[in-house]
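Working notes for the structure below.
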Amino acid sequence: MSPEEDRVPVPERSPEERTNDFDEVPLGYSPEQAMEEAERCLECAKSPCVGGCPVEIDIPNFVKSIADGNFKEALEIIKETNVIPAITGRVCPQEEQCEEVCVMGNVGDAINIGKLERFVADYARKNDLEEAPEIEESKDFEVAIVGSGPSGITCAALLAQNGYQVTMFEALHEAGGVLKYGIPEFRLPNEVIDHELEYLDELDVDIRLNRIVGQNIELDELEEDFDAIYVATGAGSPRFLGLEGEDLKGVYSANEFLTRINLMKAYKFPEYDTPITDMEKVGIIGAGNVAMDAARCALRMGADSHILYRRTTEWSPARDEEIEHAKQEGVTFDTLCNPKRIIGDEDGWVDGIELFECELEEEDDSGRPSPKILEDTEHKKDFDTVVIAIGQEPNKVFYENAPGVEVKDWGGIIIDEGTRMTTKEGVFAGGDAVSGAATVILAMGDGRKAAQNIMGYLEGS
Ligand code: FAD
Ligand code: SF4
Ligand code: SF4
């Protein structure tokens with residue numbers, strides 16, 4: 001019998017219900033639904049899906065274990081290469097990775113690999129199926145990890161499993177990197193991140209919060225105390241457009257806006273002491289995942305939320321699922337427009353944005369049609385809050401205070417692709433700090449490779 005062409009749909013909360021809170025939108029599969037979806041897998045001999053996953057999870061085997069109802073075994077298979085499956089199952093751009101090359105996609109829907117991965121991790125967490133991690137005999141090497149995002153977490157876990165003594169330094173008052181301060185709870189609940197971080201606790205990783213390397217602790221000091229260092233400081237510094245009016249009250253970078261709302265819980269003000277401006281109409285400049293997160297947060301804060309984008313939605317770099325969810329919830333997409341300046345009122349608060357109209361021309365270097373500004377089309381749209389979401393780059397605090405660690409002109413740390421070492425002996429780097437803003441799973445892949453190279457370096461192989 002040939003497998004069902006269509007995926008088993010994942011239940012979701014209705015847009016009317018979910019825009020009133022920050023609770024998670026997709027509810028996830030039940031065991032029966034997960035088994036039914038897993039049964040669609042063809043168990044292909046060459047299984048291209050594995051090559052589509054940056055950490056090469058043994059997808060056919062974990063999916064088969066689900067189809068057999070053996071969820072514990074499925075988890076063990078996934079955890080061989082992925083220490084945070086509840087997170088990747090939720091936020092990986094699967095449609096461009098493992099699912100893009102799934103053979104079932106040629107005849108119908110690709111297997112819903114991400115949602116199956118999420119199901120296994122959630123089921124194991126709720127049913128206490130996780131075993132305490134096995135730790136190899138203790139080794140006499142100490143490694144420092146700078147940054148507690150997915151790249152740092154992955155590197156730390158692999159080293160600690162192998163018996164190395166690991167200490168993690170994190171600038172913020174909570175660990176997790178973008179997973180905690182950037183991605184909103186309706187996509188990735190904190191409870192899920194905290195549970196995955198407990199795994200580091202079980203591995204005896206020492207996590208030191210509120211430690212900014214390059215500011216209140218120097219790289220030299222780490223070099224004295226540790227045998228190797230992995231730098232995974234991410235790309236948390238926002239880019240701005242250089243527009244007139246960007247310094248007005250009511251203009252936020254997406255990073256600040258999301259950090260206030262997610263990490264500092266501004267949506268629970270005054271229970272949490274984090275103020276954010278009263279928002280009635282918010283204009284978000286940009287159309288990537290970060291912009292979608294900001295737009296959906298603004299909506300949940302009670303505002304009329306508008307994405308302002310110079311191309312059309314089909315060229316947006318955000319995941320299809322995020323665009324779909326934003327549209328369902330009532331975010332307005334104002335496309336083919338480019339900001340000229342942000343307009344303020346007499347008290348220095350945002351009053352609106354002056355925009356040009358655009359049209360699309362031939363493809364540019366990004367492979368997308370380039371937007372052409374149409375002269376004499378300036379018009380004002382009223383907004384009381386503006387969020388700039390046009391990208392991030394590595395933060396200077398680390399690399400400007402790390403003598404010997406060289407960076408590219410845009411701030412990306414330079415590493416040797418083979419050894420993953422920076423231009424400074426014993427200092428390795430990876431994740432967004434090296435690649436620029438990328439994805440959780442690529443940052444994890446870097447953390448994995450770095451851990452392997454650090455072990456080789458310390459063992460002298
Ligand atoms: P980060 O997650 O940025 O972590 C770096 C950590 O280092 C931070 O905690 C930071 O505080 C700390 N740090 C920085 N400097 C120092 C210092 N000097 N000393 C000590 N600590 C320091 N990717 C996806 O795959 N799917 C998504 O849906 C998705 N959505 C996103 C939404 C938003 C709003 C953002 C901003 C990004 C999103 N991404 C998404 C991208 C993804 O989150 C990143 O690619 C990934 O988190 C990078 O991991 P990292 O470990 O390299 O860095
Ligand atoms: Fe797919 Fe991401 Fe899971 Fe790999 S980690 S199998 S790319 S969802
Ligand atoms: Fe299953 Fe798709 Fe992988 Fe084939 S390519 S093994 S159908 S998940």
Side-chain angles (χ1 to χ4, degrees), residues 3 38 40-50 52-57 59-64 78 81-82 84-85 87-94 96-99 101-105 110-111 113-118 146-155 168-172 174-184 187-188 210-217 231-237 254-255 258 262 288-294 318-319 321-322 389 392 394-395 397-399 401-402 430-447:
R40 298 177 55 239
C41 175
L42 304 170
E43 295 173 33
C44 316
K46 289 198 174 149
S47 47
C49 52
V50 178
C53 168
V55 293
E56 299 191 335
I57 293 177
I59 296 168
N61 272 324
F62 101 70
V63 173
K64 181 171 185 320
I78 296 171
T81 54
N82 179 355
I84 50 175
I87 294 170
T88 48
R90 284 173 163 84
V91 303
C92 247
Q94 297 105 7
E96 295 167 11
Q97 296 180 331
C98 53
E99 294 175 14
V101 288
C102 169
V103 175
M104 263 306 285
I111 304 298
I113 302 169
K115 296 294 190 295
L116 288 175
E117 188 171 297
R118 170 194 159 161
V146 186
S148 67
S151 203
I153 293 173
T154 308
C155 185
M168 188 176 246
F169 296 86
E170 167 53 51
L172 295 173
E174 285 198 38
V178 171
L179 306 175
K180 218 21 157 347
Y181 77 74
I183 303 182
R187 284 214 289 133
L188 180 58
N210 300 309
R211 303 291 211 290
I212 308 176
V213 176
Q215 197 168 67
N216 53 23
I217 178 165
V231 179
T233 43
S237 196
N255 274 43
L258 290 167
N262 299 321
N289 283 322
V290 179
M292 295 304 142
D293 283 343
R319 293 183 61 196
E321 182 177 302
E322 303 314 325
Q392 301 90 236
N395 194 305
V397 175
F398 173 78
Y399 66 77
N401 296 290
D432 281 7
V434 168
S435 61
T439 63
V440 170
I441 193 69
L442 289 172
M444 287 175 61
D446 279 2

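Order of appearance sets the numbers: ligands from 1, and atoms from 1 within every ligand.
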ask   = atom 51 (O) of ligand 1: which protein heavy atom is closest, and how many Å away?
value = S151 N, 3.0 Å
task = Heavy-atom distances under 4.0 Å are what count here, so tell me which part of P93 touches ligand 1: side chain, backbone, both or neither.
result = side chain
query = Which atoms of ligand 1 have any heavy atom of L172 under 4.0 Å away?
reply = 11 (O)
ask   = Got a second to check how far N210's CG is from L172's CG, nearest 0.5 Å?
value = 8.0 Å
note = Here the atoms of ligand 2 under 4.0 Å from any heavy atom belonging to I59 are 6 (S)
request  = Would you check the N or O atoms of D293, main chain and side chain alike, for any that come under 3.5 Å of an N or O of ligand 1?
outcome  = no
inquiry  = Would you compute the distance between atom CG of D293 and atom CG of L258 and round it to the nearest 0.5 angstrom?
reply    = 6.0 Å
request  = With the side chain counted from C-beta on, respond yes when P60 and C44 share a heavy-atom pair under 4.5 Å apart, and no when they do not.
outcome  = no
ask   = Should you measure from each heavy atom of V146, which atoms of ligand 1 turn up under 4.0 Å away?
value = 19 (N), 20 (C)
message = Regarding ligand 1, does N255 bring an N or O atom to under 3.5 Å of one of the ligand's N or O atoms?
response = no
Test item: I183 and N262 side chains (from C-beta on) under 4.5 Å apart, heavy atoms = no
query = Checking only N/O/S atoms, does C92 have one that is under 2.8 Å from atom 2 (Fe) of ligand 2?
reply = yes
Identity and separation of the nearest protein heavy atom to atom 7 (O) of ligand 1 = G147 CA, 3.2 Å
remark   = So the atoms of ligand 1 within less than 4.0 Å of a heavy atom of G177 turn out to be 2 (O), 4 (O), 8 (C), 9 (O)
inquiry  = Among all protein heavy atoms in this structure, tell me which lies nearest to atom 22 (C) of ligand 1, with the distance rounded to 0.1 Å.
reply    = A171 CB, 3.7 Å
ask   = Do ligand 1 and V397 have nitrogen or oxygen atoms that lie under 3.5 Å from each other?
value = no
task = Please write down residue, atom name and distance for the protein heavy atom closest to atom 37 (C) of ligand 1.
result = V178 CG1, 3.4 Å
inquiry  = Quiz question: by atom type and distance under 3.5 Å, do the side chains of S435 and D446 form a donor-acceptor pair?
reply    = no
task = Identify the protein heavy atom lying closest to atom 25 (O) of ligand 1, giving its residue, its atom name and the separation to 0.1 Å.
result = V440 N, 3.0 Å
task = Around atom 1 (Fe) of ligand 2, find the nearest protein heavy atom and jot down its residue, atom name and distance.
result = C98 SG, 2.3 Å
ask   = In the protein, what heavy atom is nearest to atom 5 (S) of ligand 2, and what distance, to one decimal place, separates them?
value = I441 CD1, 3.4 Å
remark   = Ranked by distance from atom 11 (O) of ligand 1, the top protein heavy atom is E170 OE2, 2.7 Å
remark   = Of all protein heavy atoms, the one nearest atom 3 (Fe) of ligand 2 is E117 OE1, 2.2 Å
task = Determine, using heavy atoms of V63 and all atoms of ligand 3, whether some pair is separated by less than 4.0 Å.
result = no
Metal proximity, C41 vs atom 1 (Fe) of ligand 3, N/O/S cut-off 2.8 Å = yes
inquiry  = Just so I know, are the side chains of I113 and Q94 near enough to count as touching, which here means a heavy-atom distance under 4.5 Å?
reply    = no
query = Near atom 3 (Fe) of ligand 3, is there an N/O/S atom from C102 that is less than 2.8 Å away?
reply = no
message = Quick test of your reading of the structure: of T233, V231, N262, I212, whose heavy atom lies closest to atom 15 (N) of ligand 1?
response = T233
task = Kindly identify the option in S435, A294, A443 whose heavy atom sits closest to atom 50 (P) of ligand 1.
result = A443
Under-4.0 Å heavy-atom contact with ligand 1, by part of P150 that carries it = both
ask   = Which of the numbered atoms in ligand 1 are below 4.0 angstrom from a heavy atom of F169?
value = 20 (C), 21 (N)
ask   = Which heavy atom of the protein is the closest neighbour of atom 6 (S) of ligand 3, given with residue, atom name and distance?
value = C44 N, 3.4 Å
note = atom 7 (S) of ligand 2 has as its nearest protein heavy atom Q97 OE1, 3.4 Å
inquiry  = Show the atoms of ligand 2 that are less than 4.0 angstrom away from any heavy atom in Q94.
reply    = 8 (S)
ask   = Which of the atoms in ligand 1, numbered in the order shown and given with their element, are less than 4.0 Å from a heavy-atom of R211?
value = 19 (N), 20 (C)
task = List every atom of ligand 1 that sits less than 4.0 Å from any heavy atom of G234, numbering the atoms from 1 in the order shown and giving each element.
result = 3 (O), 5 (C), 52 (O), 53 (O)
inquiry  = For atom 19 (N) of ligand 1, what's the nearest protein heavy-atom neighbour? Residue, atom name and distance, please.
reply    = V213 N, 2.9 Å
request  = Select one of side chain, backbone, both or neither to describe which atoms of V91 lie under 4.0 Å from any atom of ligand 1, heavy atoms only.
outcome  = both
task = Name the closest protein heavy atom to atom 30 (N) of ligand 1, giving the residue it belongs to and the distance to 0.1 Å.
result = R187 NH2, 3.1 Å
inquiry  = Polar contacts were defined as any N/O atom of the residue lying under 3.5 Å from an N/O atom of the ligand; does this apply to A438 and ligand 1?
reply    = yes
task = May I ask you to check whether D432 has an N/O atom sitting below 3.5 Å from an N/O atom of ligand 1?
result = yes
remark   = If you scan protein heavy atoms around atom 4 (Fe) of ligand 2, the nearest is C53 SG, 2.4 Å
request  = Under 4.0 Å from a heavy atom of L258: give me the atoms of ligand 1 that qualify, with their elements.
outcome  = 34 (C)
query = Short list, please: which atoms of ligand 1 are under 4.0 Å from a heavy atom of A232?
reply = 5 (C), 6 (C), 7 (O)
query = Where does L179 meet ligand 1, judged by heavy-atom distances below 4.0 Å: at the side chain, the backbone, both, or neither?
reply = neither
remark   = Atoms of ligand 2 under 4.0 Å from any heavy atom of N82, numbered from 1 in the order shown, are 5 (S)
